[in-house]
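Everything numeric here is computed off the predicted structure, so don't read it as measured data. Counting starts at 1 for both ligands and their atoms, following the listed order.
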Amino acid sequence: MVPFLRKRKVTKFSMKKIVTRKEMLEVATDLRRKGLSIGFVPTMGFLHEGHMSLVERARKENDVVVVSIFVNPTQFGPNEDFASYPRDLEHDEALLEFLTDYLFCPSVDEMSEVSEGVKFDPGELVNCLCGISRPTHFQGVAQVVSKLFRLVQPTRVYFGQKDYQQTVVVRHLIREHFGDVELVVCSTAREKDGLAMSSRNVYLTSDERTQATVLFRALTAGLALLKSGEVETDVVIGEMEELILQQPLARIDYIDIRTVENLAEVEKVKSPVVLALAVYFGKTRLIDNVLFTPSNAT
Ligand code: AMP
């Protein structure tokens with residue numbers, strides 16, 4: 001058994017694997033007709049404890065749990081790692097069978113035929129943060145997520161705060177097109193030294209892995225400054241930048257502070273904000289974020 005499941009009391013579910021849209025739609029339609037709630041966790045696989053925390057939460061809150069594994073080509077840019085993105089379906093299945101009722105893992109061909117997508121323009125939400133260096137990414141995410149929602153018909157969907165901008169885009173997508181779906185955002189699972197768990201961490205060399213701990217240290221330092229009463233975002237960002245630049249292998253993509261709702265620019269922190277960053281170590285781009293609400297928030 002997988003080490004972190006060994007510690008827990010688990011029931012083995014008879015997980016069913018589904019690979020066609022047709023079967024997924026039929027199964028989901030039947031479940032909803034029976035009045036059962038469906039908790040849905042969309043993933044790209046190569047699962048780690050971060051993903052599993054979403055699956056566990058879905059298990060607790062729903063009658064039925066559906067997990068999808070689909071490495072979606074439309075959310076990767078031309079020079080990104082679609083082909084080399086880590087995959088290990090056998091390992092993923094072993095993790096999921098203890099918590100999941102249905103594993104939906106369609107092929108790229110199967111999903112590219114789908115006409116179930118919706119028209120959605122994320123607009124200003126993607127003209128910042130990761131949207132700058134990944135200009136087509138969120139449109140690709142919105143497209144595949146809407147197709148999956150149409151097929152799986154979830155009651156609740158589970159996304160990680162780790163990909164904060166993604167949760168904002170999905171929240172707006174749900175508001176526009178899937179009004180009865182509840183979005184549950186789960187906190188970021190971290191390694192013991194603070195590094196956010198990510199399927200891409202396997203790309204890091206040992207030196208890069210050591211230096212990558214600076215991401216969470218910088219976010220924690222930024223948070224501490226805000227908690228001490230600093231309101232100027234420039235000052236906080238400057239402090240975080242200084243810390244990160246002490247690591248010779250780090251190359252900053254962005255460090256930013258934005259409003260939690262719409263990712264609008266902030267000069268002085270007076271309402272809830274997200275401190276977000278993306279940093280390259282070699283070819284590997286890591287992201288992380290933390291949230292802050294001032295005690296006298298307006
Ligand atoms: P991915 O497979 O990277 O597309 O991630 C699938 C889901 O898992 C997304 O909602 C992610 O935000 C979430 N996720 C990834 N890493 C973590 C983490 N360290 N903690 C919590 N959720 C995560």
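- Protein heavy atom in closest approach to atom 14 (N) of ligand 1: Asp163 OD2, 4.3 Å.
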Chi angles and distances behind the side-chain hydrogen bond (donor to acceptor under 3.5 Å, both in side chains) call for Gln153, Thr29:
CA-CA 7 Å; Gln153 303 171 55; Thr29 305; 2.9 Å; yes
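- Both cation-pi conditions hold for Arg87 and Phe82: the charged atom is under 6.0 angstrom from the six-membered ring centre and inside a 45 degree cone around its axis.
- Asp193 and Thr213 form no side-chain donor-acceptor contact under 3.5 Å, judged by distance and modelled atom types alone.
- Contacts between Leu54 and ligand 1 below 4.0 angstrom, taking non-hydrogen atoms only, involve the side chain exclusively.
- Scanning all protein heavy atoms for the shortest distance to atom 1 (P) of ligand 1 gives His51 NE2, 3.6 Å.
- Remark: ligand 1 atoms within the under-4.0 Å shell around heavy atoms of Met44 are 1 (P), 2 (O), 4 (O).
- Near Ser187, with a cut-off below 4.0 Å to any heavy atom, the atoms of ligand 1 are 20 (N), 21 (C).
- When each atom of ligand 1 is checked for a heavy atom of Phe159 under 4.0 Å away, the hits are 10 (O).
- Electrostatic pairing of Lys162 and Glu49 does not count as a salt bridge here, judged by no charged N lying under 4.0 Å from a carboxylate O.
- Val19 and Val144 fall into different hydrophobic clusters, where Ile, Leu, Val, Met, Phe, Trp and Tyr are joined by side-chain heavy atoms under 4.5 Å apart, directly or via other members.
- Here the heavy atom of the protein found nearest to atom 17 (C) of ligand 1 is His48 CE1, 3.7 Å.
- Ligand 1 places these atoms under 4.0 Å from at least one heavy atom of Pro42: 6 (C), 7 (C).
- For atom 10 (O) of ligand 1, the closest non-hydrogen atom on the protein side is Gly160 N, 2.9 Å.
- If you run side chain to side chain donor-acceptor pair (under 3.5 Å) between Asn289 and each of Gln165, Arg258, Gln161, only Gln161 comes through.
- Residue Met197 approaches ligand 1 through these ligand atoms, each under 4.0 Å from one of its heavy atoms: 16 (N), 17 (C), 18 (C), 19 (N).
- In this structure, the side chains of Met24 and Leu148 stay at 4.5 Å or more apart for every pair of heavy atoms.
- Ionic pairing of Arg200 and Asp81 is present here: one or more N-O contacts between side-chain nitrogen and carboxylate oxygen are shorter than 4.0 angstrom.
- The nearest protein atom to atom 20 (N) of ligand 1, hydrogens excluded, is given as Ala189 N, 2.8 Å; this is a heavy-atom distance.
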